[in-house]
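Below is one structure, written out as structure tokens; the observations come after it.
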Amino acid sequence: MSKRSNRSWMNAGFDAWSLGWESAAVIGLRAVKIAQGGPEAQREAERMISEKLTAAYELQLAMMTGTMGMSPATTTRKALAHYRRKVRANARRLS
């Protein structure tokens, strides 16, 4: 493996680690909102499911159309970036 390839995979690993931390924070924020109950909690639960399905569909479409790149490392990093954008938007909205 070349140094460039190793660096690319190290960056992907860091991206995955960052996504994990950001996701954990959003899970906590959502759990608090849902635990409060009522119509807001119901909307948040429905939104959560809808967002997950939409994000997966968008990623699948991007992969099928070839916009994710050709190398495994590039595809991985772009997939992680796709989900990080969604998670960050939720973190902003829920904060």
Side-chain angles (χ1 to χ4, degrees):
M1 223 182 233
S2 70
K3 284 186 180 185
R4 184 175 178 196
S5 179
N6 283 339
R7 187 174 30 238
S8 186
W9 280 113
M10 285 177 33
N11 290 337
F14 179 76
D15 291 346
W17 177 82
S18 296
L19 175 60
W21 275 104
E22 292 166 359
S23 296
V26 168
I27 289 167
L29 292 168
R30 274 194 157 143
V32 168
K33 185 155 193 140
I34 292 170
Q36 291 172 348
E40 291 274 329
Q42 180 66 33
R43 277 192 293 277
E44 188 61 34
E46 291 169 0
R47 182 180 193 152
M48 179 178 61
I49 300 302
S50 173
E51 286 176 347
K52 288 181 185 310
L53 293 172
T54 300
Y57 173 76
E58 290 169 350
L59 185 60
Q60 183 179 15
L61 186 62
M63 288 184 166
M64 288 175 18
T65 58
T67 60
M68 298 297 288
M70 296 304 290
S71 78
T74 299
T75 302
T76 299
R77 293 200 67 208
K78 286 185 176 186
L80 290 166
H82 170 77
Y83 283 114
R84 283 185 79 188
R85 281 190 298 275
K86 307 295 184 183
V87 169
R88 284 179 180 163
N90 279 316
R92 283 190 300 274
R93 181 178 58 77
L94 292 165
S95 294

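Between R30 and E51, at least one side-chain nitrogen of the basic residue sits less than 4.0 Å from a carboxylate oxygen of the acidic one, meeting the salt-bridge criterion. Between R43 and E40, at least one side-chain N (NZ, or NE/NH1/NH2) sits under 4.0 Å from a carboxylate O, which counts as a salt bridge.
Residues L59 and L53 are members of separate hydrophobic clusters, defined by side-chain heavy-atom contacts under 4.5 angstrom among Ile, Leu, Val, Met, Phe, Trp and Tyr. Residues M48 and L29 fall into different hydrophobic clusters, defined by Ile, Leu, Val, Met, Phe, Trp and Tyr side chains chained together at heavy-atom separations under 4.5 Å.
Atom OH of Y83 and atom CD of E58 lie 9.0 Å apart (nearest 0.5 Å). Atom CE of M63 and atom CE of M68 lie 4.5 Å apart (nearest 0.5 Å). Atom CG of N11 sits about 11.0 Å away from atom CG of N6, to the nearest 0.5 Å. Rounded to the nearest 0.5 angstrom, R47 CZ and T54 OG1 are separated by 10.5 Å.
Between the side chain of T67 and the backbone N or O of A62, at least one donor-acceptor pair lies under 3.5 Å. With hydrogens and angles ignored, the 3.5 Å screen pairs a side-chain donor or acceptor of S23 with a backbone N or O of L19. Remark: the backbone N or O of S71 is paired with a side-chain donor or acceptor of T75 at under 3.5 angstrom.
Between K86 and K52, every side-chain heavy-atom pair lies at or beyond the 4.5 Å cut-off. For the pair Q36 and E44, the minimum side-chain heavy-atom distance is 4.5 Å or more.
Each salt bridge (Lys or Arg N to Asp or Glu O under 4.0 Å) pair with one or both residues in residues 71-83, not counting sequence neighbours, appears once here: D15-R77.
The nearest pair of heavy atoms linking A55 to H82 is O-NE2, 2.9 Å.
Think of I27 as one node in a network of Ile, Leu, Val, Met, Phe, Trp and Tyr side chains linked at under 4.5 Å; it has no links at all.
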